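Heads up, the thing below is written out as structure tokens.
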Amino acid sequence: MDDPIPSNDIRLREGSSIAQRLVIAGSAAAVALCFTPGLFTHDALEVIVSVCALLVGAAFVGGVMLAPAVVWIITPDEILIGQQRPFGRLRTRVVGKDDIRGLQVAGSKAAKARFQLAFTLASGERLTSPPISDVTHVRDTVARIAAQFDVPDVEAPSNPLDASNPEMQLGEPLEPFSARDIRIVALIAVALSAVPYAYKLWRGLSPSHVDILLLPIGVIAAFSVYRYANLVTGAFWIIREADIRVERLWGDGSLRADHIEGHDVKAITVERRGRSEDEHCIVVIRLQSGGRFRSPRIGSRLEARAVAAEIVRRLGIAPENSRI
């Protein structure tokens with residue numbers, strides 16, 4: 001949900017701002033335009049590739065710019081749905097309490113802790129809401145809506161980030177890569193680096209300096225994979241009252257656990273890690289000692305802010321250290 005407002009209404013939104021759309025569309029257009037030189041060649045294959053790239057780019061830009069922004073306002077008696085496309089008129093719809101026959105909570109495959117409300121109407125139509133942005137109070141939100149619309153038997157979702165859990169979980173429990181998989185990847189790295197050298201010898205040609213240089217690079221890459229592969233497995237956060245347990249793996253696959261308490265925190269912020277604020281926001285905790293912990297990916301900025309606010313509450317972080 002958005003920032004608290006003096007109302008019993010529940011507001012759900014979906015859709016990027018015009019500025020975000022322009023950035024995404026501009027990036028896609030720039031990539032598509034890189035293929036335009038192929039249109040002026042005499043090679044039929046290059047012309048076909050260029051035309052296809054431009055058509056795909058134009059379709060992507062059109063899809064981004066024309067995707068609607070949707071807002072739901074859920075009151076005790078009705079649901080007001082507003083939908084507007086860029087440069088288009090606002091379209092509204094009102095769904096009364098008496099029209100609602102069922103309610104389910106749909107999860108998302110893209111984000112483990114993203115949930116949407118799916119209403120079944122008396123006509124048989126199914127309406128799916130924008131995501132619930134306050135991911136730390138999904139169960140309370142669903143129970144409240146089910147009660148005000150008199151919908152029985154609504155199954156509570158399994159939400160690892162719900163504030164009602166004694167332990168909130170960010171990410172997935174860690175497992176080291178198997179020794180067999182690591183050896184296979186290391187051998188592939190060596191084999192790929194040796195292919196140009198072996199090809200030149202097979203053709204009776206003299207290997208170039210680049211071919212020879214690739215051999216030790218392949219050995220270094222194989223050693224790095226064998227020694228440090230488990231370091232890229234990420235982190236698993238367990239958020240409890242008064243502390244956070246951060247689990248990571250050492251290079252040999254053994255578990256490393258760090259603990260963060262409220263007095264250790266110098267600042268807590270929400271940052272974007274990737275190109276989209278709708279999918280790639282994380283919580284960053286900076287310690288008094290100078291260390292820094294980045295959470296696993298959460299989702300949109302609103303979802304990450306909700307998680308950060310619950311961390312602030314559980315750890316008792318001082319207000320001057322909270323920058324969410």
Side-chain angles (χ1 to χ4, degrees), residues 1-17 20 67-83 93-95 97 100-121 125-165 167-171 237 239 270 272 276-283 295-314 324:
M1 283 176 285
D2 297 319
D3 294 334
I5 57 175
S7 171
N8 292 325
D9 299 347
I10 297 173
R11 297 172 182 257
L12 306 175
R13 287 187 173 89
E14 185 175 34
S16 303
S17 66
Q20 292 174 336
V70 181
V71 59
W72 280 37
I73 303 176
I74 303 176
T75 71
D77 299 314
E78 63 186 15
I79 302 174
L80 176 62
I81 303 174
Q83 184 181 82
R93 177 179 179 182
V94 177
V95 178
K97 176 178 179 179
I100 297 173
R101 293 292 182 269
L103 171 61
Q104 292 179 319
V105 185
S108 170
K109 295 181 180 180
K112 185 177 180 180
R114 179 166 294 177
F115 302 95
Q116 295 173 283
L117 304 171
F119 291 91
T120 302
L121 305 186
E125 183 182 1
R126 185 180 174 92
L127 295 177
T128 303
S129 76
I132 301 174
S133 56
D134 189 352
V135 291
T136 61
H137 290 88
V138 173
R139 291 175 189 161
D140 289 343
T141 301
V142 172
R144 174 182 165 189
I145 294 173
Q148 69 187 30
F149 288 141
D150 299 324
V151 181
D153 303 325
V154 179
E155 183 178 355
S158 176
N159 179 16
L161 292 177
D162 208 287
S164 62
N165 299 334
E167 294 183 347
M168 296 168 56
Q169 297 181 355
L170 267 177
W237 284 30
I239 306 166
V270 171
R272 184 179 66 187
S276 171
E277 287 195 0
D278 294 330
E279 299 291 342
H280 299 93
C281 287
I282 61 173
V283 173
S295 76
R297 181 177 66 85
I298 298 172
S300 69
R301 181 169 291 274
L302 288 176
E303 291 167 343
R305 288 183 64 188
V307 174
E310 182 62 19
I311 292 175
V312 169
R313 188 195 69 79
R314 291 196 175 200
I324 61 176

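Treat the numbers as computed from the prediction; the structure is a model and nothing was measured.
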Step by step, would you call Gln104 with Arg126 a side chain to side chain donor-acceptor pair (under 3.5 Å)?
CA-CA 10 Å; Gln104 292 179 319; Arg126 185 180 174 92; 3.1 Å; yes

When rounded to the nearest 0.5 angstrom, what distance separates CD1 in Ile81 from CG in Leu12?
10.5 Å

Contacts of Ser164 that satisfy side-chain contact (heavy atoms from CB on, under 4.5 Å) - sequence neighbours left out:
Arg139, Asp162

Sorted by chain and number, sequence neighbours left out, side-chain contact (heavy atoms from CB on, under 4.5 Å) with Ala163 holds for Thr136, His137, Glu310

I want to check something: taking the side chain as every heavy atom from C-beta on, are Phe115 and Thr141 in contact at a cut-off of under 4.5 Å?
no

Which residues satisfy the side-chain contact (heavy atoms from CB on, under 4.5 Å) test with Ala308, sequence neighbours excluded?
Ile268, Val270, Val283, Ile324

Does the side chain of Trp237 come within less than 4.5 Å of Ile311's, by heavy atoms?
yes

Are Ile298 and Cys281 close enough that some pair of their side-chain heavy atoms sits under 4.5 Å apart?
no

Should Arg13 and Pro130 count as side-chain neighbours, where that means a heavy-atom distance under 4.5 Å?
no

Side chains of Phe119 and Ile145 in contact at under 4.5 Å (non-hydrogen atoms)
yes

In terms of heavy-atom contacts, does CD of Glu125 have more than 12 from other residues, nucleotides or ligands at under 6.0 Å?
yes

Any heavy-atom pair between the side chains of Gln148 and Ile74 that's under 4.5 Å?
yes

